[in-house]
Amino acid sequence: MYKIFEQLVKERQSCREFNDKPVDKNEINEVVQLAMLSPSACNSQPWKIYVVTNKEKVEQVALCLQERGRNEFVSKAKAFIVLVEKEAKLKPDVEKMFSRDHFVKYDIGELIAYLTLGAKAKGIDSCIIGWINRPKLKEVMCFNEGETSNIVIALGHSDIPIREKARKSKEEIVVEI
(Lines give C-alpha, C1' and ligand atoms only; values in the text may rest on other atoms or scores of the structure.)
Protein backbone atom coordinates (compact mmCIF):
# COMPACT_ATOMS: atom_id res chain seq x y z
CA MET A 1 0.00 0.00 0.00
CA TYR A 2 2.86 2.39 0.76
CA LYS A 3 4.12 1.96 -2.82
CA ILE A 4 0.75 3.16 -4.13
CA PHE A 5 0.89 6.22 -1.88
CA GLU A 6 4.50 6.86 -2.88
CA GLN A 7 3.57 6.72 -6.55
CA LEU A 8 0.68 9.18 -6.05
CA VAL A 9 2.91 11.65 -4.19
CA LYS A 10 5.60 11.44 -6.86
CA GLU A 11 3.16 11.76 -9.77
CA ARG A 12 0.91 14.50 -8.38
CA GLN A 13 2.07 17.88 -9.62
CA SER A 14 0.59 21.30 -10.14
CA CYS A 15 -0.83 21.10 -13.64
CA ARG A 16 -0.73 24.28 -15.67
CA GLU A 17 -1.49 22.78 -19.07
CA PHE A 18 -4.80 20.95 -19.33
CA ASN A 19 -5.81 19.10 -22.49
CA ASP A 20 -9.32 18.85 -23.97
CA LYS A 21 -10.27 15.53 -22.34
CA PRO A 22 -13.38 15.97 -20.17
CA VAL A 23 -13.39 15.18 -16.46
CA ASP A 24 -15.96 12.70 -15.21
CA LYS A 25 -18.30 14.40 -12.71
CA ASN A 26 -18.92 11.11 -10.90
CA GLU A 27 -15.19 10.62 -10.38
CA ILE A 28 -14.87 14.10 -8.91
CA ASN A 29 -17.75 13.38 -6.56
CA GLU A 30 -16.11 10.10 -5.49
CA VAL A 31 -12.88 11.98 -4.73
CA VAL A 32 -14.77 14.63 -2.75
CA GLN A 33 -16.69 11.98 -0.81
CA LEU A 34 -13.45 10.26 0.19
CA ALA A 35 -11.64 13.52 0.96
CA MET A 36 -14.40 14.43 3.39
CA LEU A 37 -12.81 11.79 5.65
CA SER A 38 -9.74 14.00 6.10
CA PRO A 39 -9.02 14.90 9.73
CA SER A 40 -9.89 18.21 11.34
CA ALA A 41 -9.52 19.68 14.83
CA CYS A 42 -12.28 18.35 17.09
CA ASN A 43 -13.82 16.84 13.94
CA SER A 44 -15.06 20.35 13.18
CA GLN A 45 -14.87 19.90 9.38
CA PRO A 46 -14.69 23.68 8.89
CA TRP A 47 -15.37 23.66 5.18
CA LYS A 48 -17.97 23.71 2.49
CA ILE A 49 -17.08 22.17 -0.85
CA TYR A 50 -18.50 23.46 -4.12
CA VAL A 51 -17.97 21.15 -7.10
CA VAL A 52 -18.17 23.13 -10.34
CA THR A 53 -18.65 21.06 -13.51
CA ASN A 54 -21.24 23.11 -15.44
CA LYS A 55 -19.37 24.42 -18.50
CA GLU A 56 -20.71 27.97 -18.24
CA LYS A 57 -19.98 28.14 -14.51
CA VAL A 58 -16.48 26.68 -15.06
CA GLU A 59 -15.77 29.50 -17.52
CA GLN A 60 -17.03 32.10 -15.02
CA VAL A 61 -14.93 30.68 -12.17
CA ALA A 62 -11.85 30.65 -14.41
CA LEU A 63 -12.26 34.39 -14.98
CA CYS A 64 -12.29 34.95 -11.20
CA LEU A 65 -8.81 33.39 -11.02
CA GLN A 66 -7.24 35.39 -13.83
CA GLU A 67 -7.00 38.93 -12.51
CA ARG A 68 -4.00 40.94 -13.74
CA GLY A 69 -3.04 38.33 -16.32
CA ARG A 70 -2.56 35.53 -13.80
CA ASN A 71 -3.42 31.86 -14.24
CA GLU A 72 -4.33 32.01 -17.93
CA PHE A 73 -4.10 28.21 -18.02
CA VAL A 74 -7.27 27.79 -15.93
CA SER A 75 -9.31 28.64 -19.03
CA LYS A 76 -8.65 25.04 -20.07
CA ALA A 77 -9.64 23.51 -16.71
CA LYS A 78 -12.65 21.23 -17.03
CA ALA A 79 -13.87 21.59 -13.44
CA PHE A 80 -13.14 23.35 -10.17
CA ILE A 81 -13.44 22.56 -6.52
CA VAL A 82 -14.12 25.78 -4.65
CA LEU A 83 -13.41 25.54 -0.92
CA VAL A 84 -15.13 27.77 1.60
CA GLU A 85 -13.67 28.06 5.09
CA LYS A 86 -16.28 27.76 7.79
CA GLU A 87 -16.04 28.68 11.44
CA ALA A 88 -14.72 25.73 13.42
CA LYS A 89 -16.97 24.30 16.09
CA LEU A 90 -14.42 23.22 18.69
CA LYS A 91 -14.76 21.49 22.03
CA PRO A 92 -15.14 24.13 24.77
CA ASP A 93 -11.74 23.48 26.38
CA VAL A 94 -9.98 23.65 23.00
CA GLU A 95 -11.86 26.80 22.05
CA LYS A 96 -10.88 28.37 25.37
CA MET A 97 -7.17 27.79 24.62
CA PHE A 98 -7.28 28.74 20.94
CA SER A 99 -9.38 30.98 18.72
CA ARG A 100 -12.09 29.29 16.69
CA ASP A 101 -10.12 29.74 13.48
CA HIS A 102 -6.75 28.63 14.88
CA PHE A 103 -6.87 25.21 13.20
CA VAL A 104 -8.99 26.03 10.14
CA LYS A 105 -6.10 26.68 7.71
CA TYR A 106 -4.43 23.42 8.76
CA ASP A 107 -7.68 21.51 8.37
CA ILE A 108 -8.29 23.00 4.92
CA GLY A 109 -4.71 22.10 3.98
CA GLU A 110 -5.30 18.48 4.91
CA LEU A 111 -8.54 18.46 2.92
CA ILE A 112 -6.67 19.87 -0.10
CA ALA A 113 -4.02 17.15 0.17
CA TYR A 114 -6.71 14.47 0.23
CA LEU A 115 -8.54 16.09 -2.70
CA THR A 116 -5.49 16.47 -4.93
CA LEU A 117 -4.06 13.03 -4.17
CA GLY A 118 -7.50 11.46 -4.60
CA ALA A 119 -7.90 13.23 -7.93
CA LYS A 120 -4.50 11.94 -9.06
CA ALA A 121 -5.51 8.42 -8.03
CA LYS A 122 -8.45 8.81 -10.45
CA GLY A 123 -6.12 10.12 -13.17
CA ILE A 124 -7.29 13.71 -12.76
CA ASP A 125 -4.67 16.43 -12.68
CA SER A 126 -4.99 19.49 -10.46
CA CYS A 127 -3.60 22.88 -9.56
CA ILE A 128 -4.25 24.70 -6.29
CA ILE A 129 -5.08 28.36 -6.94
CA GLY A 130 -4.85 31.06 -4.28
CA TRP A 131 -4.95 34.10 -6.60
CA ILE A 132 -8.67 34.86 -6.51
CA ASN A 133 -10.91 37.84 -7.05
CA ARG A 134 -13.00 36.98 -3.97
CA PRO A 135 -15.88 39.44 -4.52
CA LYS A 136 -16.27 38.31 -8.14
CA LEU A 137 -16.10 34.61 -7.13
CA LYS A 138 -18.68 35.19 -4.39
CA GLU A 139 -21.03 36.65 -7.00
CA VAL A 140 -20.40 33.89 -9.56
CA MET A 141 -20.83 31.13 -6.97
CA CYS A 142 -23.83 32.74 -5.25
CA PHE A 143 -22.23 32.08 -1.86
CA ASN A 144 -24.36 32.32 1.23
CA GLU A 145 -23.89 35.30 3.54
CA GLY A 146 -20.51 35.15 5.25
CA GLU A 147 -19.01 32.61 2.84
CA THR A 148 -15.74 33.34 1.10
CA SER A 149 -13.09 31.27 -0.62
CA ASN A 150 -9.32 31.54 -0.38
CA ILE A 151 -8.53 28.38 -2.36
CA VAL A 152 -9.81 26.89 -5.60
CA ILE A 153 -8.59 23.63 -7.15
CA ALA A 154 -8.52 23.52 -10.94
CA LEU A 155 -9.12 20.05 -12.40
CA GLY A 156 -8.50 18.49 -15.79
CA HIS A 157 -6.23 16.11 -17.66
CA SER A 158 -2.74 16.74 -18.95
CA ASP A 159 -0.29 15.18 -21.39
CA ILE A 160 2.67 16.86 -19.67
CA PRO A 161 5.23 14.35 -18.37
CA ILE A 162 6.00 14.22 -14.66
CA ARG A 163 8.53 16.92 -13.81
CA GLU A 164 11.57 16.36 -11.63
CA LYS A 165 10.69 17.67 -8.19
CA ALA A 166 13.04 20.38 -6.90
CA ARG A 167 13.05 20.17 -3.12
CA LYS A 168 15.39 21.17 -0.33
CA SER A 169 17.62 18.41 0.99
CA LYS A 170 16.57 16.39 4.01
CA GLU A 171 19.49 17.92 5.93
CA GLU A 172 18.08 21.41 5.35
CA ILE A 173 14.63 20.68 6.76
CA VAL A 174 14.66 17.59 8.98
CA VAL A 175 16.07 17.60 12.49
CA GLU A 176 16.42 14.20 14.09
CA ILE A 177 16.57 14.23 17.86
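Residue indices begin at 1 and follow the sequence shown. Heavy atoms only: backbone and side chains are in, while hydrogens, waters and symmetry mates are out.
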For a side-chain contact (heavy atoms from CB on, under 4.5 Å) check, start with the C-alpha distance between Glu85 and Thr148, then their side-chain angles and the critical distance, and finish with the verdict. CA-CA 7 Å; Glu85 296 177 15; Thr148 188; over 6 Å; no

Given the rule in the side-chain contact (heavy atoms from CB on, under 4.5 Å) test, do Ile81 and Ile151 qualify, once you have shown the distances and angles that lead to the verdict? CA-CA 9 Å; Ile81 296 175; Ile151 295 288; over 6 Å; no

Just so I know, are the side chains of Met1 and Phe5 near enough to count as touching, which here means a heavy-atom distance under 4.5 Å?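 They are not in side-chain contact.
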
State plainly whether one hydrophobic cluster holds both [X] and [Y], where clusters connect Ile, Leu, Val, Met, Phe, Trp and Tyr through side-chain heavy atoms under 4.5 angstrom apart.
{"X": "Phe80", "Y": "Ile153", "answer": "no"}
{"X": "Ile124", "Y": "Leu8", "answer": "no"}
{"X": "Val23", "Y": "Val32", "answer": "yes"}
{"X": "Ile132", "Y": "Val140", "answer": "yes"}
{"X": "Ile28", "Y": "Phe18", "answer": "no"}

Run the numbers on Asn54 and Val52 for side-chain contact (heavy atoms from CB on, under 4.5 Å), then give the verdict. CA-CA 6 Å; Asn54 172 280; Val52 183; 5.6 Å; no

Could you tell me whether Glu147 and Lys138 make a salt bridge, using a distance below 4.0 angstrom between a side-chain N and a carboxylate O?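 Result for this pair is no, no salt bridge flagged.
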
Glu176/Lys170 salt bridge by N-O under 4.0 Å criterion: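 Answer for the salt bridge query: yes.
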
Residue from Gln13, Lys120, Arg12 passing side-chain contact (heavy atoms from CB on, under 4.5 Å) with Ser126: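 For Ser126, the side-chain contact (heavy atoms from CB on, under 4.5 Å) check succeeds only for Arg12.
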
Sole residue of Ile128, Leu65, Val74 in side-chain contact (heavy atoms from CB on, under 4.5 Å) with Val152: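 Output: one option passes, namely Leu65.
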
Distance check, rounded to the nearest 0.5 Å: [X] atom [atom1] versus [Y] atom [atom2]?
{"X": "Leu155", "Y": "Lys122", "atom1": "CG", "atom2": "NZ", "answer": "13.5 Å"}
{"X": "Ile129", "Y": "Asn71", "atom1": "CD1", "atom2": "CG", "answer": "4.5 Å"}
{"X": "Asp107", "Y": "Gln45", "atom1": "CG", "atom2": "CD", "answer": "9.5 Å"}
{"X": "Ile108", "Y": "Ser38", "atom1": "CD1", "atom2": "OG", "answer": "8.5 Å"}

Would you check if the distance from the ring center of Phe143 to the ring center of Tyr50 is below 6.0 Å?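 Under 6.0 Å, so yes.
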
Can you establish whether the number of heavy atoms outside [X] located under 6.0 Å from its atom [atom1] is more than 12?
{"X": "Glu56", "atom1": "CD", "value": "no"}
{"X": "Gln33", "atom1": "CD", "value": "no"}
{"X": "Lys168", "atom1": "NZ", "value": "no"}
{"X": "Arg68", "atom1": "CZ", "value": "no"}
{"X": "Lys76", "atom1": "NZ", "value": "no"}
{"X": "Ile173", "atom1": "CD1", "value": "yes"}

Taking atom types as modelled, find out whether Gln66 and Ser75 have a side-chain donor-acceptor pair closer than 3.5 angstrom.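 On atom types as modelled, these side chains qualify, holding a pair under 3.5 Å.
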
If we ignore angles and hydrogens, is there a donor and acceptor under 3.5 Å between the side chains of Glu67 and Asn133?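 Yes, a side-chain donor-acceptor pair sits under 3.5 Å.
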
Answer yes or no: is there a donor N or O on one side and an acceptor on the other, between the side chain of Asp125 and the main chain of Ser158, under 3.5 Å?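 Yes: the side chain of Asp125 pairs with the backbone of Ser158.
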
Could you tell me whether a side-chain N or O of His157 sits under 3.5 Å from a main-chain N or O of Asp20, the two making a donor and an acceptor?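 The answer is no, because no donor-acceptor pair under 3.5 Å joins these two groups.
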
Pair Glu139-Lys136, salt bridge (charged side-chain N to carboxylate O under 4.0 Å, His left out): steps then yes or no: CA-CA 5 Å; Glu139 182 182 319; Lys136 189 173 179 180; over 6 Å; no

